[in-house]
Amino acid sequence: DSAGDLLKFMIPDGTMLEAGGYVTFDERDFNPTPSTPGPKDFALSGSHGDSVWLVIGNESGTSVSEFVDHVDFGATFNGVSLGRTPGATGRLFPLAAPSLGGPNGGIATSDVVVTEVNYHPRDPTAAAALIDPSMDASDLEFVELHNHLTDSVDLTNWRLRGDSDFDFLAGDSIAAGETLVLVKFDPADAVNADRTLAFRTHYGIDATVRLVGPMTSSLSNRYGLVKLQRPDMAPADEPTVVPHVLVDEVFYDDLAPWPTTADGTGDSLQRTGVDTLGNEANSWRGSMPTPGTLRIVPHLQSVQINNDQPTRSVVTRIDVTFDSPVQVSSSAFQLTNVTTNTEVTGVDIAVAVSDRTQVTLTFSGGPSVIVRAVGANSLATGNYRLQIQRDQVTATVGNAPLDQDIVFGDLAAETLFRKFGDQNGDDRVDLFDFSEFRSAFGSSVGDVNFRDDLDHNGDGSVDLFDFAEFRGSFGT
């Protein structure tokens, strides 16, 4: 844990690390007697942060022959581990759950996150320059923070670090759903009244957008670092120390794959989701600056068929889930029977919104729909394609459209098909399915072994008519 002595803990001879595998060492290995530590024993500090070096020593173990890896990290909350995600490269970030000995899981999402960064603005507009002739482009830089919870967050002792610093004061807070904007000047100082008005004029925002400052310096126009830190409890042995824990980080660049339009062309970096990793380029898009207005881009989270049941003997519902609250137009979805090249027009849509949005598609009739008196209506036999138009699905807050047009069903693994008799969804009607049909044959509604997905015409019984349909599917 020290650049001054890189040969403290020696990995035991014979330790094997398989390809794609993991090996774990903890304080019991490198600090086995913490009350009486030896000269080579060490511990890692959770309140101050620390560093870890991985090196290869020479044969005698007296010097370093090769550097392998090195990480630095700041203070951490108790019980929270840091990991590289995705994969085994990149910067450490707090994880949602420890994953020692296995692949790292998801990241921990902060209550308050950085949602927009304008590191290289254009020059002030003519209207803004008229209000404050001394304003230049760097005065238009900003970092936007958003509280995505339903409760306010106390910002006492929170701070921004990196290319530019800012410390929140005791009593500062951010309301539920609020978005605030950190700027280079102090908007509360009367001396900056013209600059504040010029800033608002340039971006077309009014006094309802909360501006906070000053940040200490300009953000880099090439590549830079923005870190959001929140306070933790002081350690018992250091009651005057306030650990500051990293909860969000943006290590941006002006080169691809980062959005290059944010580099002086008039766009800013805008986050595509509050639960995305801030250091990943694909978590950001370049778009016209909107300080104080959240424009989180919604994404498709999942498509489930038949409430995620394997049967494709019927297809009675399709559930489409988006990762955030969205508004859905009735024309957003187009369902096509690819086998017959027929659009399914009798599609009913039900929308349920919480922290995510679930849209349920059911079928009322028309082409490629079998109307049944018993059991829900089903799609007819065939392969299907579901298309979702991005501009017909927009974020509830900010009205940003879906990240892309969606086409679902063209891949075999997406299993968007209906084949009567296929109980396990393997796209074959075989002996397994015959066994299931035989068990249900002769049953009616109310019988223990009745299966409404094997009642093809929905008349309430699995009979010879249904057997004829099953026989037509068998072997395909």
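Note that the structure is predicted; figures quoted are calculated from it, not measured. Numbering of residues begins at 1 and proceeds along the displayed sequence.
- Salt-bridge formation is not detected for the pair R390/D403: no Lys NZ or Arg NE/NH1/NH2 atom is positioned less than 4.0 Å from an Asp or Glu carboxylate oxygen.
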TODO: Dump the intermediate steps for side-chain hydrogen bond (donor to acceptor under 3.5 Å, both in side chains) on S63 and N58, then the final yes or no.
DONE: CA-CA 6 Å; S63 64; N58 62 3; 2.8 Å; yes

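- When atom types are taken as modelled, the side chain of Q301 and the backbone of F322 share no donor-acceptor pair closer than 3.5 angstrom.
- Within the 4.5 Å cutoff, the side chain of V344 has heavy atoms near those of the L379 side chain.
- Side-chain atoms of D422 come within 3.5 Å of backbone atoms of G425 as a donor-acceptor pair (strictly under, hydrogens ignored).
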Open item on the list: Using the rule given for side-chain hydrogen bond (donor to acceptor under 3.5 Å, both in side chains), can you reason through E249 versus N279, listing the C-alpha separation, both sets of side-chain angles and the distance that settles it, and then say yes or no?
Closed with: CA-CA 6 Å; E249 182 177 64; N279 283 329; 2.7 Å; yes

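- To the nearest 0.5 Å, atoms CD1 (I174) and CG (L149) are separated by 10.0 Å.
- In this structure T179 satisfies the side-chain hydrogen bond (donor to acceptor under 3.5 Å, both in side chains) test together with H146, sequence neighbours excluded.
- In terms of heavy-atom proximity, V359 sits nearest to V328 at CG2-CG2, 3.9 Å.
- No donor-acceptor pair closer than 3.5 Å links the side chain of T357 to the backbone N or O of V353.
- By the side-chain contact (heavy atoms from CB on, under 4.5 Å) test, S164 pairs with M215, T216, S217, L219, sequence neighbours left out.
- Put simply, CZ on R210 and CD on E144 are 13.0 Å apart, with the number rounded to the nearest 0.5 Å.
- The list of ring pair (Phe, Tyr, Trp, His ring centres under 6.0 Å) pairs with a residue in residues 61-81, not counting sequence neighbours, reads W53-H70.
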TODO: Step by step, work out the side-chain contact (heavy atoms from CB on, under 4.5 Å) result for T272 and H299.
DONE: CA-CA 8 Å; T272 60; H299 298 77; 3.6 Å; yes

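- Among residue pairs with one or both ends in residues 183-208, those qualifying as ring pair (Phe, Tyr, Trp, His ring centres under 6.0 Å) are F142-Y203, F185-F199, F199-Y203; sequence neighbours excluded.
- Under the side-chain hydrogen bond (donor to acceptor under 3.5 Å, both in side chains) criterion, S329 pairs with S331, Q392, sequence neighbours left out.
- With sequence neighbours excluded, no residue forms a ring pair (Phe, Tyr, Trp, His ring centres under 6.0 Å) with F93.
- Checked against side-chain contact (heavy atoms from CB on, under 4.5 Å), P12 has the following partners two or more places apart in sequence or in another chain: F9, T15, F25.
- Atom CD of E178 is separated from atom NE2 of H148 by 14.5 Å, given to the nearest 0.5 angstrom.
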Mind listing the side-chain donor-acceptor pairs of residues 255-266 below 3.5 Å, one per line with the distance, residues two or more places apart or on another chain?
residue: T261; atom: OG1; partner: D267; partner atom: OD2; Å: 2.9
residue: D263; atom: OD1; partner: H120; partner atom: ND1; Å: 2.6
residue: T265; atom: OG1; partner: T261; partner atom: O; Å: 2.3

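- Rounding to the nearest 0.5 angstrom, the gap separating the CG atom in L300 from the CD1 atom in I388 is 5.5 Å.
- Side-chain contact check for D453 and Q423: at least one donor-acceptor pair (N or O, by modelled atom type) lies under 3.5 Å.
- For the pair V114 and L145, the minimum side-chain heavy-atom distance is below 4.5 Å.
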TODO: In sequence, state the C-alpha distance, the side-chain angles, and the governing distance for L335 and R385, and then conclude on side-chain contact (heavy atoms from CB on, under 4.5 Å).
DONE: CA-CA 6 Å; L335 184 63; R385 176 187 299 123; over 6 Å; no

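- For D136 (side chain) and S138 (main-chain N/O), a donor-acceptor pair under 3.5 Å exists by modelled atom type.
- Within the 4.5 Å cutoff, the side chain of D163 has heavy atoms near those of the Y252 side chain.
- At a threshold of 4.0 Å, the pair R356-D323 does not count as salt-bridged, since none of the basic side-chain nitrogens sits closer than that to a carboxylate oxygen.
- S220 and R222 form no side-chain donor-acceptor contact under 3.5 Å, judged by distance and modelled atom types alone.
- The structure places OG1 of T316 at 4.5 Å from CG of N306, a figure rounded to the nearest 0.5 Å.
- A side-chain donor-acceptor contact under 3.5 Å links T33 to the backbone of T36.
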TODO: Would you please test T321 and Q358 for side-chain contact (heavy atoms from CB on, under 4.5 Å) and show each step?
DONE: CA-CA 4 Å; T321 302; Q358 179 174 301; 3.9 Å; yes

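- N147 places a side-chain N or O within donor-acceptor distance of the main-chain N or O of D151, the cut-off being under 3.5 Å.
- Electrostatic pairing of R84 and D69 counts as a salt bridge here, judged by a charged N lying under 4.0 Å from a carboxylate O.
- Applying the side-chain hydrogen bond (donor to acceptor under 3.5 Å, both in side chains) criterion to T290, with sequence neighbours excluded, gives E116.
- Evaluation of the side-chain contact (heavy atoms from CB on, under 4.5 Å) rule for T24 yields L100 as partners, not counting sequence neighbours.
- Between the R418 side chain and the S313 main chain, a donor and an acceptor come within less than 3.5 Å of each other.
- For T394 (side chain) and A400 (main-chain N/O), no donor-acceptor pair under 3.5 Å exists by modelled atom type.
- By the 6.0 Å contact criterion, CG on N78 is open, its count of non-hydrogen atoms from other residues, nucleotides or ligands being 12 or less.
- Here the CG-CG distance, from D41 to N31, works out to 5.0 Å after rounding to the nearest 0.5 Å.
- Contact check for F408 versus I318: no side-chain heavy atoms found under the 4.5 Å cut-off.
- In this model, a donor atom of one side chain and an acceptor atom of the other lie less than 3.5 Å apart for R195 and S134.
- Residues satisfying the ring pair (Phe, Tyr, Trp, His ring centres under 6.0 Å) criterion with W158, sequence neighbours excluded, are absent altogether.
- Counting only distance, with no hydrogens or angles, the side chain of D29 and the backbone of D26 share a donor-acceptor pair below 3.5 Å.
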TODO: Verify side-chain contact (heavy atoms from CB on, under 4.5 Å) between F166 and L182, making sure each step is shown before the conclusion.
DONE: CA-CA 8 Å; F166 178 79; L182 301 180; 4.0 Å; yes

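- Under the 4.5 Å side-chain criterion, counting only non-hydrogen atoms from C-beta, L361 is in contact with L386.
- Salt-bridge check for D167 with R161: passed, with a basic side-chain N closer than 4.0 Å to an acidic carboxylate O.
- A salt bridge between D232 and R230 is absent, with no side-chain N of the basic residue lying under 4.0 Å from a carboxylate O of the acidic one.
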Task: Candidate pair Q229 and D248, rule side-chain hydrogen bond (donor to acceptor under 3.5 Å, both in side chains), full reasoning - done: CA-CA 7 Å; Q229 301 173 335; D248 198 16; over 6 Å; no

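- With sequence neighbours excluded, no residue satisfies side-chain hydrogen bond (donor to acceptor under 3.5 Å, both in side chains) with T336.
- A salt bridge between R312 and D427 is absent, with no side-chain N of the basic residue lying under 4.0 Å from a carboxylate O of the acidic one.
- Between the side chains of N104 and T85, no donor-acceptor pair is found at a separation under 3.5 Å.
- S283 contributes a side-chain N or O that, together with a main-chain N or O of L277, makes up a donor-acceptor pair within less than 3.5 Å.
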